[in-house]
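Take a look at the structure below.
Just so we're on the same page: letters track the sequence lines, and every chain starts at 1.
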Protein chains: 2
Amino acid sequence: MAEKRQIRKSAHRTGNRSVRMRNTLKILSAAEKVFAEKGFDGATTQQIADIAKLPKSNVHYYFKTKRDIYLALMQSIMAPWLESFQAISVDDDPGDALAGYVKRKVMLSRERPLASRIFANEMIRGAPVLSDFLRNELRKWVEEKTQIVKQWSEKGKMDDVSAAHLFIIIWAATQTYADFEVQIKSVLGRQNLETDDYDAAAELITRMVLRGCGIHGDHKVNQT
Amino acid sequence: MAEKRQIRKSAHRTGNRSVRMRNTLKILSAAEKVFAEKGFDGATTQQIADIAKLPKSNVHYYFKTKRDIYLALMQSIMAPWLESFQAISVDDDPGDALAGYVKRKVMLSRERPLASRIFANEMIRGAPVLSDFLRNELRKWVEEKTQIVKQWSEKGKMDDVSAAHLFIIIWAATQTYADFEVQIKSVLGRQNLETDDYDAAAELITRMVLRGCGIHGDHKVNQT
DNA sequence: CAACATGTTGACCAGTTGGTCAGAATTTGA
DNA sequence: TCAAATTCTGACCAACTGGTCAACATGTTG
């Protein structure tokens, strides 16, 4: 939705950046909708072009292939994911860190539900594009967090639980509010999900996570 | 995978049931794979036919349209879902009932991962086919369980948590082991998920659920 | 055997697919 | 002002889409 952008002073070599950027964003924004709803194979460049309000050939001027659009989109989607990845360090209080992480992931589900759905589609397909990410960045991150959890539990701050399974469950519980939104609206009897619903979700997930890890006492949400 | 079936004595009117049934099952089994991986729009009848080892026109002899295949498949998929729905009554011990439910749902993810993925795809698309199911059966089931949870909490057997959110989280946590299998294999560093992995998942989810609900003490898994 | 239902199939169809391309329109920098 | 770079787009393409159909094959039953 961040479309408008105008750079007045266009330089010699870097000129017409504004047009290129504006259209690129328009295409990616349209593609996000189509890929989220139809998946990679079901999405058509024509539909992306229609939503972006550009002729199909113009879309192909900016992106050679459908796959290129998907790749570029995936990159823009993974950025916030990776950001929410940082945080959670040994020095944190486990309660605060986990509560904050859950909160941030629920917010992300609310703010970028389409991104979450595209990611879900990619996983269901067997991660043909993101398999490297899974094997490298994600794997490494989980290994790091495993060490942190181990240290926390050695210090008696929490139970000795599997960090891998813990995060798998946190991801599932938080992302489900984006991916399965229809189902959730139906179950909650809502027309639309409101702030209260996301708050209730975050609260229950947090409670389950903290108690499941044997973490007691109050915790303040880490808003990093 | 339940393909072989032979009814020797074919009766007059109900004759050639065996051929019809065998081919129908072959097609549905093939369709399960294709729909799970490609989604409804991405799936092609040609691919379904290829996997079923039948000419495309023969597939269309048994199912008029792609949508018909999808509909029939969806019915066969929802059956186990609905079965696992029952159970959980007021007379149960909440710990046993919830632990058993989690266990059953994890088993289902292991045994029918493709079914779970097709369901996930359907939800991501906005449930164009299952919207009635969501509004009626599912909604009603959750309302029932809400009453049960309320009664349990009034009897002091557990905390007063939102049954809706509770089940949403249980569904998400259990189904993620089917839907996001690639991601989970990567995170756990496994080539394939084994019994131990599913057991560990069920155990942690159960612990989080029970403690999150303020249910203490041992619990035996309800194998209904 | 004849008749009749059931099952099988290649040929075919109009519409759509992802993608190309030549050329026209425009923006740009000097 | 003007030439070069960039952007835009309709026409076009071979491959594929979901689906139809007429002809044929294979039982099945009396």
Side-chain angles (χ1 to χ4, degrees), chain A residues 3 5-28 30-31 33-35 37-73 125 128-129, chain B residues 3 5-28 30-31 33-35 37-73 125 128-129:
Chain A
E3 277 131 347
R5 202 75 61 104
Q6 212 85 346
I7 299 168
R8 286 279 160 222
K9 309 182 183 182
S10 49
H12 170 73
R13 273 268 144 241
T14 57
N16 53 22
R17 263 256 302 278
S18 94
V19 180
R20 179 161 227 106
M21 185 176 289
R22 178 155 34 89
N23 283 341
T24 300
L25 289 175
K26 259 162 86 174
I27 293 166
L28 288 179
K33 286 175 201 158
V34 181
F35 282 129
E37 194 175 325
K38 303 290 185 68
F40 180 81
D41 294 289
T44 70
T45 54
Q46 185 62 64
Q47 206 180 343
I48 292 170
D50 288 347
I51 294 178
K53 284 173 188 162
L54 292 171
K56 184 162 68 103
S57 31
N58 203 359
V59 170
H60 274 101
Y61 170 71
Y62 288 105
F63 297 94
K64 278 259 160 195
T65 67
K66 180 165 92 161
R67 192 158 183 277
D68 284 345
I69 306 178
Y70 186 73
L71 253 44
L73 183 60
R125 281 204 303 153
V129 162
Chain B
E3 276 131 346
R5 203 74 62 102
Q6 212 85 346
I7 299 168
R8 286 279 160 221
K9 309 184 180 181
S10 49
H12 168 73
R13 274 268 144 238
T14 58
N16 54 21
R17 261 258 299 279
S18 92
V19 180
R20 176 158 230 109
M21 185 175 292
R22 178 156 33 87
N23 283 342
T24 300
L25 289 176
K26 259 163 85 174
I27 293 166
L28 289 179
K33 286 175 202 159
V34 180
F35 282 129
E37 195 175 325
K38 303 291 185 68
F40 180 81
D41 294 290
T44 70
T45 53
Q46 185 63 65
Q47 206 181 343
I48 293 171
D50 289 347
I51 294 178
K53 284 174 189 163
L54 292 172
K56 185 162 68 101
S57 29
N58 204 359
V59 170
H60 274 103
Y61 171 72
Y62 287 105
F63 297 95
K64 278 259 161 194
T65 67
K66 180 165 91 162
R67 191 160 185 277
D68 285 346
I69 305 177
Y70 187 74
L71 254 44
L73 182 59
R125 283 204 304 152
V129 163

Which value, rounded to the nearest 0.5 Å, describes the distance between [X] atom [atom1] and [Y] atom [atom2]?
| X | Y | atom1 | atom2 | answer |
| --- | --- | --- | --- | --- |
| Leu54(A) | Tyr61(A) | CG | OH | 12.5 Å |
| Asn58(A) | Asn23(A) | CG | CG | 6.0 Å |
| His60(B) | Asp68(B) | NE2 | CG | 9.0 Å |

Task: Phosphate-side-chain proximity, Arg20(A) and dT7(D), N/O vs OP1/OP2 below 4.0 Å - done: yes

Open item on the list: If the cut-off is 4.0 Å, is Tyr62(B) near the phosphate of dT6(C), judged by side-chain N/O to OP1 or OP2?
Closed with: no

Open item on the list: What residues from residues 52-60 of chain A pass a heavy-atom cutoff of under 4.0 Å to DNA chain D?
Closed with: Pro55(A), Ser57(A), Asn58(A)

Could you give the [atom1]-to-[atom2] distance, from [X] to [N], as a whole number of Å?
| X | N | atom1 | atom2 | answer |
| --- | --- | --- | --- | --- |
| Tyr61(B) | dA11(C) | OH | P | 21 Å |
| Gln47(B) | dG18(D) | CD | P | 10 Å |
| Arg22(B) | dG7(C) | CZ | P | 11 Å |
| Phe63(B) | dT20(D) | CZ | C1' | 18 Å |
| Asn23(A) | dT27(C) | CG | P | 12 Å |
| Asp41(A) | dT17(D) | CG | C1' | 13 Å |
| Ile48(A) | dT16(C) | CD1 | P | 17 Å |
| Lys66(B) | dT16(C) | NZ | P | 14 Å |

Closest approach of [X] to [Y] (non-hydrogen atoms, all atoms of both residues):
| X | Y | result |
| --- | --- | --- |
| Val34(B) | Thr44(B) | CG1-N, 4.2 Å |
| Ala52(B) | Ala30(B) | N-CB, 3.7 Å |
| Leu73(A) | Leu28(A) | CD1-O, 3.6 Å |

TODO: Please state whether the rings of Phe35(B) and Tyr70(B) are parallel, tilted or perpendicular, taking 30° and 60° as the class boundaries.
DONE: perpendicular

TODO: Return the angle between end axes of the helix from dC1(C)-dG30(D) to dA30(C)-dT1(D), with five pairs used per end and rounding to 10°.
DONE: 10°

- [ ] Check side chain to side chain donor-acceptor pair (under 3.5 Å) between Lys66(A) and all other residues, then give those that pass, not counting sequence neighbours.
- [x] none

Open item on the list: What's Ala49(B) touching, base or sugar-phosphate or nothing? Going by heavy atoms closer than 4.0 Å.
Closed with: nothing

Open item on the list: Within the 4.5 Å heavy-atom criterion, are Asp41(B) and Glu37(A) side-chain neighbours or not?
Closed with: no

